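Predicted model, so just to flag it, every value in this text is computed and none were measured. These values consider heavy atoms only, across backbone and side chains, with no hydrogens, waters or symmetry-generated copies.
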Amino acid sequence: MSDDLETLREQTVQALAAATDQREWDAVRVGTLGKSGKLTALLKELGRMTPDERRARGAALNRLRDELTRLIEARGQELEAAALNARLAAERVDVTLPCAPEACGLLHPITRTIEEMAAIFGAMGFQVAEGPDIESDWHNFSALNTPAHHPARTDQDTFYLPPEAEGQPERVLRTQTSGVQIRTMLGQEPPIRIIAPGRTYRADHDATHSPMFHQCEGLVIEKGITLGHLKGCLSDFLRAFFQMPDLPVRFRASYFPFTEPSMEIDIGWSRKTGQIGAGDDWLEVLGAGMVHPRVLANCGLDARQWQGFAFGMGIERLTMLRHGIPDLRSFYESDVRWLRHYGTSPLSPALLHEGL
């Protein structure tokens, strides 16, 4: 190798060794092999040489070009690996450190109340049943022995929807989850023991009413069921839900078209302080009764063989009493501060009374 080629080789090797990053390495590469590089300039001189000189000089330049190309690529890979290692070291995360705390979502009080109801009634042998929000007029009213002139069947109280096809009956947004009871009796052989929590709809809206709210209804159909079973079941539920084993419970005669006899259930409370279980006043919390024989007949059950009771309660109402919430509308305002105050951790178990 001639002296000038050896000098170029040494200069390139030294420049590559001195390069500490990709920018300096690329400058050496371009200065040697680029269009205006030193080696490229020597190759351009071959055209002015004689054929014999060009043959010898060209072979030497090609060997030098191959060698420098290998050296430059090898140094480039070293610098790239070094840069990657430095970046990994700088961005490394210490996984042994505790993570930054983040706000945890909470269960809406309605959701937690439904869970607690399911847990309490589940301990009594009830199962959860579901049904559609859009019901036929028959499932929502007629099958439940509700007369045609009943106020609940007017447009002022009920949301009616057009029929699915011409000639078919109107549909309604269910005003109660009682339709689930009808569907269960039609589709399942007794004995039956279910609760039906879910959304219901009525044309009403103020501090204590909402056009969409939640109800939990229950149904028991077995042989030999009496009013005593109803009273025992609901007394145990209310005392478990409010966590008061000695909660006063009163059963008061009333009227519902789908039960006979019918009654409303009151709990003891203080009108002056609002405290549940204290004072000489009574507060109505739910309705119940023995299933009307006509309702059983509408579902194909013989009232001489099967007896049962049904009950229904407003989930928002019980939640408001449980937590001291004064306004129903706050349940649906999506105020994060309110949700943080009344919400419950999803990891906490649903409350269940020890006696059940």
Take L219 and I221 through the side-chain contact (heavy atoms from CB on, under 4.5 Å) test and state the conclusion after the steps.
-> CA-CA 7 Å; L219 174 70; I221 300 293; 3.8 Å; yes
Taking the inter-plane angle between the rings of [X] and [Y] on a 0 to 90° scale, is it parallel (under 30°), tilted (30 to 60°) or perpendicular (over 60°)?
{"X": "H214", "Y": "Y332", "answer": "parallel"}
{"X": "F121", "Y": "F237", "answer": "parallel"}
{"X": "H108", "Y": "F331", "answer": "tilted"}
{"X": "W338", "Y": "Y342", "answer": "tilted"}

So, the side chain of [X] versus the backbone of [Y]: is there a donor-acceptor pair under 3.5 Å, distance only?
{"X": "D26", "Y": "Q22", "result": "no"}
{"X": "E284", "Y": "L286", "result": "yes"}
{"X": "Q215", "Y": "M313", "result": "no"}
{"X": "T40", "Y": "S36", "result": "no"}
{"X": "R340", "Y": "L106", "result": "no"}
{"X": "S262", "Y": "T259", "result": "yes"}
{"X": "Q176", "Y": "N140", "result": "yes"}
{"X": "S348", "Y": "S345", "result": "yes"}
{"X": "W25", "Y": "I72", "result": "yes"}
{"X": "T111", "Y": "L107", "result": "no"}

Which atoms form the tightest heavy-atom contact between [X] and [Y], and what is the distance?
{"X": "M117", "Y": "C216", "answer": "SD-CB, 3.7 Å"}
{"X": "Q307", "Y": "G224", "answer": "OE1-N, 3.0 Å"}
{"X": "S254", "Y": "E264", "answer": "OG-OE2, 3.3 Å"}
{"X": "A143", "Y": "N298", "answer": "O-ND2, 3.1 Å"}
{"X": "R75", "Y": "L16", "answer": "NE-O, 3.0 Å"}
{"X": "L186", "Y": "C299", "answer": "CD2-CA, 3.6 Å"}

Pairwise side-chain contact, [X] with [Y], heavy-atom cut-off 4.5 Å (strictly under):
{"X": "R171", "Y": "E135", "answer": "no"}
{"X": "R294", "Y": "F258", "answer": "no"}
{"X": "I120", "Y": "F126", "answer": "no"}
{"X": "H292", "Y": "E260", "answer": "yes"}
{"X": "L230", "Y": "F311", "answer": "no"}
{"X": "F309", "Y": "H229", "answer": "yes"}
{"X": "V285", "Y": "L321", "answer": "yes"}
{"X": "I192", "Y": "V220", "answer": "no"}

[atom1] of [X] to [atom2] of [Y]: how many Å apart, nearest 0.5 Å?
{"X": "R65", "Y": "T32", "atom1": "CZ", "atom2": "OG1", "value": "13.5 Å"}
{"X": "T158", "Y": "H150", "atom1": "OG1", "atom2": "NE2", "value": "10.0 Å"}
{"X": "L8", "Y": "T12", "atom1": "CG", "atom2": "OG1", "value": "4.5 Å"}
{"X": "T69", "Y": "R29", "atom1": "OG1", "atom2": "CZ", "value": "10.5 Å"}
{"X": "S330", "Y": "H341", "atom1": "OG", "atom2": "NE2", "value": "10.5 Å"}
{"X": "I182", "Y": "M185", "atom1": "CD1", "atom2": "CE", "value": "4.0 Å"}

Should the pair [X]-[Y] be classified as a salt bridge under the 4.0 Å nitrogen-to-oxygen rule?
{"X": "D66", "Y": "R63", "value": "no"}
{"X": "D281", "Y": "K272", "value": "no"}
{"X": "E67", "Y": "R70", "value": "no"}
{"X": "R322", "Y": "E116", "value": "yes"}
{"X": "D157", "Y": "R202", "value": "no"}

Do other residues, nucleotides or ligands put more than 12 heavy atoms under 6.0 Å from [X] [atom1]?
{"X": "D280", "atom1": "CG", "value": "no"}
{"X": "E45", "atom1": "CD", "value": "yes"}
{"X": "E10", "atom1": "CD", "value": "yes"}
{"X": "R199", "atom1": "CZ", "value": "no"}

Would I134 and R174 satisfy side-chain contact (heavy atoms from CB on, under 4.5 Å), going step by step from the backbone distance to the final call?
-> CA-CA 6 Å; I134 300 177; R174 64 182 182 185; over 6 Å; no
Say whether [X] and [Y] are linked into one hydrophobic cluster, either directly or through other cluster members, by side-chain heavy-atom distances under 4.5 angstrom.
{"X": "L318", "Y": "W269", "answer": "yes"}
{"X": "V28", "Y": "V30", "answer": "no"}
{"X": "L296", "Y": "W138", "answer": "yes"}
{"X": "L161", "Y": "F141", "answer": "no"}
{"X": "I315", "Y": "I265", "answer": "yes"}

Are E24 and T20 linked by a side-chain donor-acceptor pair shorter than 3.5 Å?
->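 Distance-only check passes for E24 and T20.
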For the residue pair S136 and H139, confirm or rule out a side-chain donor-acceptor distance under 3.5 Å.
->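 Yes, because at least one side-chain N or O of S136 sits under 3.5 Å from a partner of the opposite role on H139.
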Going through the checks in order, is the side-chain contact (heavy atoms from CB on, under 4.5 Å) test met by K38 and Q11?
-> CA-CA 11 Å; K38 296 177 182 180; Q11 290 176 350; 3.4 Å; yes
Would you check, one step at a time, whether the test side-chain contact (heavy atoms from CB on, under 4.5 Å) holds for L234 with V249?
-> CA-CA 9 Å; L234 295 182; V249 179; over 6 Å; no
Report the C-alpha separation of R57 and T50 in whole Å, then their side-chain angles, then the decisive distance to 0.1 Å, and conclude whether the side-chain hydrogen bond (donor to acceptor under 3.5 Å, both in side chains) test is met.
-> CA-CA 10 Å; R57 181 73 170 178; T50 63; over 6 Å; no
